[in-house]
Amino acid sequence: MNLHLKVWRQKNAATKGALVSYEARNIPEDCSFLEMLDLVNEDLLSRGEEPIAFDHDCREGICGMCSLTINGIPHGTSDTTTCQLYMRKFKDGQTIYIEPFRASAFPLLRDLSVNRSAFDRIQQAGGFISAHVGAAPDGNAILVPKTDADHAMEAAACIGCGACAAACPNASAMLFVGAKVTHLASLPQGQPERERRALAMVRRMDAEGFGNCSNYLECEAVCPAEIPALVIGQLNRDYAHALVKESL
Amino acid sequence: MSLNLDSKTPSGPLEKKWEQHKFESKLINPANRRKFEVIVVGTGLAGASAAATLGELGYKVKAFCFQDSPRRAHSIAAQGGINAAKNYQNDGDSVHRLFYDTIKGGDFRSRESNVHRLAEISVSIIDHCVALGVPFAREYGGLLDNRSFGGAQVSRTFYARGQTGQQLLLGAYSALNRQIAAGSVEMFSRTELMDIVLVDGHAKGIVTRDLTNGAIRTWAADCVIMATGGYGNVFYLSTNAKGSNVTATYRAHRRGAAFANPCYTQIHPTCIPVAGDHQSKLTLMSESLRNDGRVWVPKKKGDTRPYSQIPEDERDYYLERKYPSFGNLAPRDISSRSAKEVCDEGRGVGPGGLGVYLDFADSIKRLGEDKIRERYGNLFEMYHQITGENAYNGPMRIFPAVHYTMGGLWVDYNLMSNIPGLFVLGEANFSDHGANRLGASALMQGLADGYFVIPYTIGNYLAPHVGERPSTDHPAFKQTEADVRANIHKLLSIKGKRSVDSFHRELGLIMWDHCGMARTEKSLTRALKRLPELRQEFWQNANVPGENESLNTSLERAGRVADFLEFGELMCMDALTRKESCGGHFREEYQTPDGEAVRNDAEYSHVAAWEYQGEGIAPIRHTEPLTFDNVKLATRSYK
């Protein structure tokens with residue numbers, strides 16, 4: 001198949017970027033979206049041009065490193081990551097717009113590559129259980145009802161790609177933060193630090209420049225890990241609860 | 001020249017060695033730990049758990065990864081599970097059984113002492129991960145659930161859906177984050193190791209490149225830990241992440257670290273077959289699928305009928321036929337080779353005849369589709385995304401693919417390489433899996449090394465060397481930095497016509513055809529002739545555009561492929577000189593009439609550790625003998 005691409009090119013954060021047109025020719029439909037870009041890059045190289053920079057690593061939908069806003073939607077039209085989006089989902093002759101994940105807390109590095117370390121800093125603020133090596137009781141000493149474990153797993157499946165913030169008109173990271181808060185709040189091990197975790201992560205999220213949630217639910221729609229927006233409700237509850245307790 | 005390959009295995013009975021060694025290991029008091037700086041390269045299971053634990057103990061840690069976040073490391077992609085000798089299922093498991101299964105699974109080519117330690121530690125790993133909040137699968141009563149896995153007849157595998165690696169890595173990442181917040185670990189993402197710095201023969205620092213702007217920096221430390229993963233991408237197509245590379249370990253090898261058993265590579269039996277030339281990587285379908293899936297091909301050669309029209313009695317469930325007691329759960333090397341055999345016979349299915357069926361029809365009939373969905377839902381989903389086929393309605397097509405590398409830098413019982421002060425953890429070392437790794441054992445080893453081994457053994461090196469950390473003004477740092485800059489300049493000056501990727505693809509094909517699932521003296525000799533030619537062409541004609549001082553993905557890749565091109569040769573040499581078949585190393589000259597591997601214990605019951613001699617000069621092969629006092633060397637049988 002042949003495709004018309006409009007790709008965001010920008011040398012670095014200091015220079016201005018623009019959409020540049022490229023033709024992707026003879027693309028097999030069994031190609032993944034990133035393999036299509038590989039072919040375009042090979043073509044650019046053969047013409048003495050610099051290839052398009054984009055982030056990717058595992059190419060099996062789990063590492064969360066690939067990004068790309070495709071035709072205005074983070075990770076494209078698929079219900080999974082860009083690396084698991086296959087060209088059979090597109091039509092021959094189609095025009096495809098390819099832009100980076102856009103959020104002010106994700107500064108651009110080059111072309112389609114952005115800096116998402118704000119997400120790491122939010123996790124550092126409280127996305128953990130303070131258990132040191134050597135002190136743990138037997139794994140079966142902490143009973144966890146299956147439904148709670150499943151609930152925790154559902155939220156823990158977040159891959160940290162940032163599509164939620166990129167899709168949100170407010171560039172909110174509430175789905176991302178809610179996922180970690182819900183994961184740990186669903187388990188008995190997560191209870192002792194539950195309140196301080198919610199407070200610290202939300203405060204860090206605000207400081208990083210992510211917006212608030214106003215229930216657009218675009219995050220849930222694009223999330224490749226299918227994190228439910230219910231985690232935002234859980235986050236709001238835990239945060240409010242902790243805030244009240246803190247003020248007493 | 002002699003190379004010090006003293007394994008430092010403690011004396012005493014096997015089950016007391018680790019206990020005794022911990023007691024005899026040098027302690028460093030908490031106030032002194034702050035005086036030591038430790039560099040950790042790589043943030044997968046081994047690196048993240050090591051950095052977090054050493055930070056927790058009070059060492060000053062600097063951690064580095066080339067990805068944009070430590071959470072991206074490829075441990076995240078492990079699907080099936082993690083082994084531990086908990087015997088929660090009351091089915092006869094024990095530390096000794098896990099030890100024995102791992103030694104046997106590794107085809108009697110690993111160190112007894114290391115493997116036993118791994119089995120002992122396995123139980124603590126589960127406890128610690130639970131404490132960190134890893135959401136392992138549970139039974140209704142709240143107890144931990146287990147599944148069975150290849151190479152074992154007990155259920156000892158703990159899992160979190162089909163995303164066990166992700167959950168364990170995120171657990172280690174959360175522990176790492178806690179230490180970053182506490183100030184004991186400093187994290188540097190998008191920073192790639194370019195070389196290690198030796199001062200008077202000791203590893204005392206590294207040179208890195210900031211991938212966002214090309215800045216070259218030097219870092220001094222009291223010791224260096226490498227947890228940089230395996231070298232499966234030498235084959236170009238593998239289940240590894242695109243960024244996974246051999247650069248860190250190979251550059252350490254060039255500085256004197258012995259590389260052990262590079263020919264031991266694991267080909268995973270259950271991957272999605274190659275679809276075309278554009279393909280950039282292969283995707284694994286967890287081996288846990290073999291618990292409920294049955295592997296088969298048509299009995300007749302060249303049978304092109306769709307699967308639904310092939311009656312039951314014309315199907316060959318070849319694993320069940322050849323290995324009745326393990327059946328579809330035969331170990332990876334055996335399952336992969338059997339798939340190759342039936343495809344070589346012309347009985348493969350799908351495009352090009354390079355595939356076999358993995359069929360869930362019986363299990364769906366027995367357990368219901370919902371149960372199968374609950375167990376493997378995300379895997380079926382992934383299969384659907386990639387192939388466009390629904391595996392609830394018909395069998396999956398699978399084919400073996402390069403997955404894991406058992407070889408790695410040589411380490412002693414303390415996990416220290418032959419370079420004093422250079423420690424190597426996880427897949428990057430060679431130590432625990434022998435010639436073949438069992439499923440669900442990689443996660444176990446990565447976390448054992450990082451959480452439970454290195455925190456004890458690092459003191460043996462550090463304690464006598466307090467206050468010896470050099471400054472980066474030391475001439476050795478200046479010299480290594482100059483070497484790194486010269487190498488980058490050399491790559492950017494080639495200005496050739498052929499893309500780095502096309503060199504990598506060609507290298508991969510040479511390795512797969514000549515040093516893949518089956519090897520012969522002839523194929524390896526041919527590869528050893530072809531590889532130097534390809535390397536020469538690379539340095540004359542590779543197209544590496546742009547400059548160092550910006551985010552330059554072509555330059556990153558060029559450096560890694562240049563190392564793979566040299567490393568491929570080392571692998572072939574190792575495969576050529578190991579004149580036996582064992583585990584993932586199958587030499588066609590050494591097999592029984594019915595195609596089973598023939599080991600040669602009299603001559604090859606040893607580790608081959610290679611010493612670098614310079615570019616284009618044959619490396620020297622050293623050996624560390626393997627002794628087995630607690631298990632009887634046997635022909636590995638899964639029949």
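The figures here come from the full heavy-atom set of this structure, side chains too, leaving out hydrogens, waters and symmetry mates.
- Heavy atoms of B:K86 lying under 4.5 Å from chain A belong exclusively to its side chain.
- Contacts of A:E226 with chain B are absent, with no heavy-atom separation under 4.5 Å from either backbone or side chain.
- Within the 4.5 angstrom heavy-atom criterion, no atom of B:S124 approaches chain A.
- At a heavy-atom cut-off of under 4.5 Å, chain B is reached by A:A157, A:C158, A:I159, A:G160, A:C161 from residues 157-164 of chain A, listed in order of number.
- With a 4.5 angstrom heavy-atom cutoff, B:S49 does not touch chain A via any of its atoms.
- Within the 4.5 angstrom heavy-atom criterion, only side-chain atoms of B:S554, from C-beta onward, approach chain A.
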Would you give me the side-chain donor-acceptor pairs under 3.5 Å for residues 173-187 of chain B, sequence neighbours excluded?
from   : atom 1 : to     : atom 2 : distance (Å)
B:Y173 : OH     : A:D120 : OD1    : 2.5
B:S174 : OG     : B:G171 : O      : 2.7
B:N177 : ND2    : B:Y173 : O      : 3.3
B:R178 : NE     : A:S130 : OG     : 3.4
B:R178 : NH1    : B:E56  : OE2    : 3.3
B:Q179 : OE1    : B:E56  : N      : 3.4
B:Q179 : OE1    : B:S184 : OG     : 2.7
B:S184 : OG     : B:Q179 : O      : 3.3

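- Contact of B:R190 with chain A is made through the side chain alone, with heavy-atom distances under 4.5 Å.
- Partners of A:A141 under the side-chain contact (heavy atoms from CB on, under 4.5 Å) rule, at least two apart in sequence or in another chain, are A:P137, A:D138.
- Using a 4.5 Å cut-off between heavy atoms, A:R59 touches chain B through backbone and side chain atoms alike.
- For B:N378, the side-chain contact (heavy atoms from CB on, under 4.5 Å) test picks out B:Q163, with sequence neighbours left out.
- Heavy atoms of A:Q189 lying under 4.5 Å from chain B belong exclusively to its side chain.
- At a 4.5 Å heavy-atom cutoff, the contact between B:Y88 and chain A is made by side-chain atoms alone.
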